[in-house]
> 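One structure follows; several queries about it will come next.
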Amino acid sequence: MVVTNQFGAVIVAAGRGTRMGTKESKQYLTLAGQPIIIHTLQTFAKLAFISEMVVVVGEHDVARLQQMVSDYQIDKVTAVIAGGTERQHSVWQGIQHMKSEWILVHDGVRPLVTPEAIATCCAAAEQNDGAAVLAVPVKDTIKQVNEQGVIIATPDRKSLWAIQTPQAFQRTILYAAHEQAQKEQFVGTDDAMIVERMGTKVVVAEGEYTNIKITTPDDLPFAELLLQTRQQRQEGEKLV
Ligand SMILES: Nc1ccn([C@@H]2O[C@H](COP(=O)(O)OP(=O)(O)OP(=O)(O)O)[C@@H](O)[C@H]2O)c(=O)n1
Ligand SMILES: C[C@](O)(CO)[C@H](O)COP(=O)(O)O
């Protein structure tokens, strides 16, 4: 997948991880020997088309993350800043520190994203008027259920995709959409939603099922297993 432009990456990691239920915020938990957020940052830092990275963390974690960036020698991090109450507010803070004309937004707690998937997302945005998000077709049948637990609809699965990050946008599109959402106090759960409400076309770029968001305790052993399998495969390929 050929990426033509340089992209800046906003990595949001200012959440508290309430569903994980650990004292330590989940982005700092250890996965295969190093913090989850470090896996994520390393993957982005090694890509030639990534020129700057802004990391958004909790206000009490700014110095800590700066130290980690230095300890793990992650270059390309141009700023570590404090986030907001909701994910969207953290993204908005990050965007305002970005200089790049093309921006990727990624969850710090999706450490299994691959370089190939990131490139696919960037190329899709470049080829489709400046807005694309990674996603995978849903495998389950999805039901819409009312407050009484009664099924009220079964949407056609062919039209359903589970949305991931990164999400890639031309800076002008993302900035204007977030600025408008701030003004109107609209809160969405991803950046595509903020851009869609402006009437702007956003396309999905097919990603990988392994790009999971570390959300609940069950996700940790699963992520460990996926990383181990990936490492073994890479070592096997080196031997051939
Ligand atoms: N105010 C917030 C909330 C979330 N995030 C980030 O957005 C990503 C996706 O959010 P989610 O997995 O829901 O993380 P949390 O909000 O930490 O989890 P929970 O909802 O269980 O509290 C994470 O990298 C998280 O750190 C953020 O930067 N700022
Ligand atoms: C952006 C996202 O990762 C897309 O799946 C997701 O919506 C963020 O999770 P949250 O729980 O809504 O913060």
Side-chain angles (χ1 to χ4, degrees), residues 9-29 31 35-44 53-62 64-65 68 77 79-98 103-113 117-118 121 131-140 142 160-169 174 177-178 181-182 185-197 202-220 222-223:
V10 174
I11 310 289
V12 284
R16 292 217 315 279
T18 41
R19 286 169 285 180
M20 181 59 74
T22 46
K23 196 164 168 231
E24 177 69 284
S25 299
K26 61 185 178 180
Q27 51 273 36
Y28 302 107
L29 297 178
L31 183 66
I36 287 172
I37 184 68
I38 295 299
H39 284 283
T40 306
L41 297 179
Q42 283 173 337
T43 299
F44 279 82
M53 288 160 62
V54 170
V55 191
V56 189
V57 296
E59 58 178 335
H60 301 299
D61 291 322
V62 173
R64 174 193 195 183
L65 206 277
M68 287 167 77
V77 174
V80 178
I81 59 168
T85 328
E86 301 291 336
R87 178 187 182 279
Q88 182 185 317
H89 304 134
S90 298
V91 174
W92 175 232
Q93 294 302 323
I95 297 168
Q96 293 175 82
H97 280 76
M98 275 280 146
I103 298 178
L104 278 169
V105 182
H106 186 66
D107 296 332
V109 295
R110 288 191 189 265
L112 291 163
V113 67
I118 300 170
C121 185
V133 302
L134 274 190
V136 285
V138 300
K139 296 187 202 176
D140 297 321
I142 306 288
L160 296 175
W161 291 68
I163 302 303
Q164 305 176 341
T165 67
Q167 305 198 345
F169 305 93
L174 187 64
H178 268 271
Q182 280 289 122
Q185 298 189 348
F186 174 85
V187 178
T189 52
D190 75 340
D191 303 289
M193 203 171 161
I194 307 299
V195 171
E196 289 156 42
R197 69 190 285 274
V202 184
V203 298
V204 291
E206 188 156 354
E208 296 160 352
Y209 288 98
T210 51
N211 179 19
I212 60 168
K213 181 159 75 71
I214 308 286
T215 306
T216 55
D218 288 353
D219 295 325
L220 282 171
F222 185 45

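Here, residue 1 is the first one in the sequence, and each next residue gets the next number. All of these numbers come straight from a predicted model, not from anything done at the bench. We count ligands from 1, going down the list as the structure has it; atoms in each ligand are counted the same way.
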> Should the ring pair W92 and H178 be called parallel, tilted or perpendicular, given that the plane angle runs from 0 to 90° and is split at 30 and 60?
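W92 vs H178 ring planes: parallel.
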> Do I11 and I37 touch side chain to side chain, with heavy atoms closer than 4.5 Å?
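They are in side-chain contact.
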> Among protein heavy atoms, which lies nearest atom 6 (C) of ligand 1, and at what distance?
V12 O, 3.8 Å
> Do me a favour and list the nearest non-hydrogen protein atom to atom 22 (O) of ligand 1 with residue, atom name and distance?
T18 OG1, 2.5 Å
> Do me a favour and list the nearest non-hydrogen protein atom to atom 15 (P) of ligand 1 with residue, atom name and distance?
G17 N, 3.7 Å
> Backbone, side chain, both or neither: what part of R110 comes under 4.0 angstrom of ligand 1, heavy atoms only?
neither
> Which bit of K213 is near ligand 1, meaning a heavy atom under 4.0 Å away: side chain, backbone, both or neither?
side chain
> Would you please test V187 and H89 for side chain to side chain contact (heavy atoms under 4.5 Å, CB included) and show each step?
CA-CA 9 Å; V187 178; H89 304 134; 4.2 Å; yes
> Taking both backbone and side-chain atoms of R19, is any N or O found less than 3.5 Å from an N or O belonging to ligand 2?
yes
> Mark up the atoms of ligand 2 that fall under 4.0 Å of a heavy atom belonging to D190, in ascending order.
1 (C)
> Considering distance alone, does some N or O of T215 sit under 3.5 Å from an N or O of ligand 1?
no
> Please work out whether any backbone atom (N, CA, C, O) or any side-chain heavy atom from C-beta onward of S90 is under 4.0 Å from ligand 1, and answer side chain, backbone, both or neither.
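Under 4.0 Å from ligand 1, S90 contributes side-chain atoms alone.
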> Can you tell which of L220, D107, L29 makes a side-chain contact (heavy atoms from CB on, under 4.5 Å) with I214?
L220
> Write out the residue and atom name of the closest protein heavy atom to atom 4 (C) of ligand 2, then the distance separating them to 0.1 Å.
I163 O, 3.3 Å
> Can you sort out which atoms of ligand 1 are near V109, meaning under 4.0 Å from one of its heavy atoms?
12 (O), 23 (C), 24 (O)
> Looking only at protein heavy atoms, which one is nearest to atom 9 (O) of ligand 2, and what is the separation?
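Minimum-distance protein heavy atom for atom 9 (O) of ligand 2 reads K213 CE, 3.2 Å.
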> Between the side chains of D219 and R110, is the shortest nitrogen-to-carboxylate-oxygen separation below 4.0 Å, so that they form an ion pair?
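Salt bridge: no.
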> Measuring only between side-chain heavy atoms, which start at C-beta, is V195 closer than 4.5 Å to L174?
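Result yes, sub-4.5 Å side-chain heavy-atom pair found.
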> When you compare the side chain of T165 with that of D190, does any pair of heavy atoms fall below 4.5 Å?
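Answer no - side chains too far apart.
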> Could you walk me through whether V91 and V56 pass the side chain to side chain contact (heavy atoms under 4.5 Å, CB included) test, one step at a time?
CA-CA 8 Å; V91 174; V56 189; over 6 Å; no
> Considering only protein heavy atoms, which is closest to atom 20 (O) of ligand 1, and at what distance to one decimal place?
R19 NH2, 3.0 Å
> Heavy-atom pairs closer than 4.0 Å: do any link ligand 1 to the side chain of V91, the backbone, both, or neither?
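Answer for V91: neither.
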> With respect to I81, which candidate in Q96, E59, H97 satisfies the side-chain contact (heavy atoms from CB on, under 4.5 Å) definition?
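The option that passes is H97.
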> Rounded to the nearest 0.5 Å, what separates atom CG in D191 from atom CD1 in I103?
10.0 Å
> Among all protein heavy atoms in this structure, tell me which lies nearest to atom 7 (O) of ligand 1, with the distance rounded to 0.1 Å.
R87 CG, 3.5 Å
> Please check whether G84 reaches ligand 1 - meaning an N/O of the residue sits under 3.5 Å from an N/O of the ligand, judged on distance alone.
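N/O-N/O distance under 3.5 Å: yes.
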> Provide, to 0.1 Å, the distance between atom 8 (C) of ligand 1 and the closest protein heavy atom, together with that atom's residue and name.
D107 OD1, 3.4 Å
> Which atoms of ligand 1 have any heavy atom of T85 under 4.0 Å away?
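Counting from 1, the qualifying ligand atoms are 1 (N).
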> What heavy-atom pair brings P137 and E206 nearest, and what distance separates the two atoms?
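The answer is CD-OE2, 3.6 Å.
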> Among G58, G15, P111, whose heavy atom sits nearest atom 5 (N) of ligand 1?
G15
> Would R87 and V105 count as a side chain to side chain contact (heavy atoms under 4.5 Å, CB included) if you check the C-alpha gap in whole Å, the side-chain angles of each, and the deciding distance to 0.1 Å?
CA-CA 11 Å; R87 178 187 182 279; V105 182; 3.8 Å; yes
> For atom 13 (O) of ligand 2, which protein heavy atom lies nearest, and how many Å away is it?
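Sorting protein heavy atoms by distance from atom 13 (O) of ligand 2 puts R87 CD, 3.9 Å first.
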> Give the single entry among D107, D191, V91, T189 that approaches atom 3 (O) of ligand 2 most closely by any heavy atom.
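Shortest heavy-atom distance from atom 3 (O) of ligand 2: D107.
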> Looking only at protein heavy atoms, which one is nearest to atom 14 (O) of ligand 1, and how far off is it?
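Heavy-atom neighbour on the protein nearest atom 14 (O) of ligand 1: K26 NZ, 3.3 Å.
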> Would you call W161 and V133 a side-chain contact if the rule is heavy atoms closer than 4.5 Å?
no
> So do I163 and V204 actually touch side chain to side chain, heavy atoms under 4.5 Å?
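Yes, their side chains come closer than 4.5 Å.
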> Before signing off on this row, confirm whether Q167 and ligand 2 have an N or O atom pair separated by under 3.5 Å.
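N/O-N/O distance below 3.5 Å does not exist for this pair.
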> Pull out every atom of ligand 2 sitting under 4.0 Å from any heavy atom of T165, numbered as shown with elements.
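Ligand 2 atoms under the 4.0 Å threshold to T165: 1 (C), 3 (O).
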> Is the closest N or O pair between A14 and ligand 1 shorter than 3.5 Å?
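Yes: some nitrogen or oxygen of A14 is under 3.5 Å from one in ligand 1.
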> I'd like to check which ligand 2 atoms, numbered from 1 as shown, lie under 4.0 Å from a non-hydrogen atom of R110.
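Counting from 1, the qualifying ligand atoms are 2 (C), 3 (O), 4 (C), 5 (O).
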> Give the intermediate values and the outcome of side chain to side chain contact (heavy atoms under 4.5 Å, CB included) for residues F222 and L112.
CA-CA 11 Å; F222 185 45; L112 291 163; over 6 Å; no
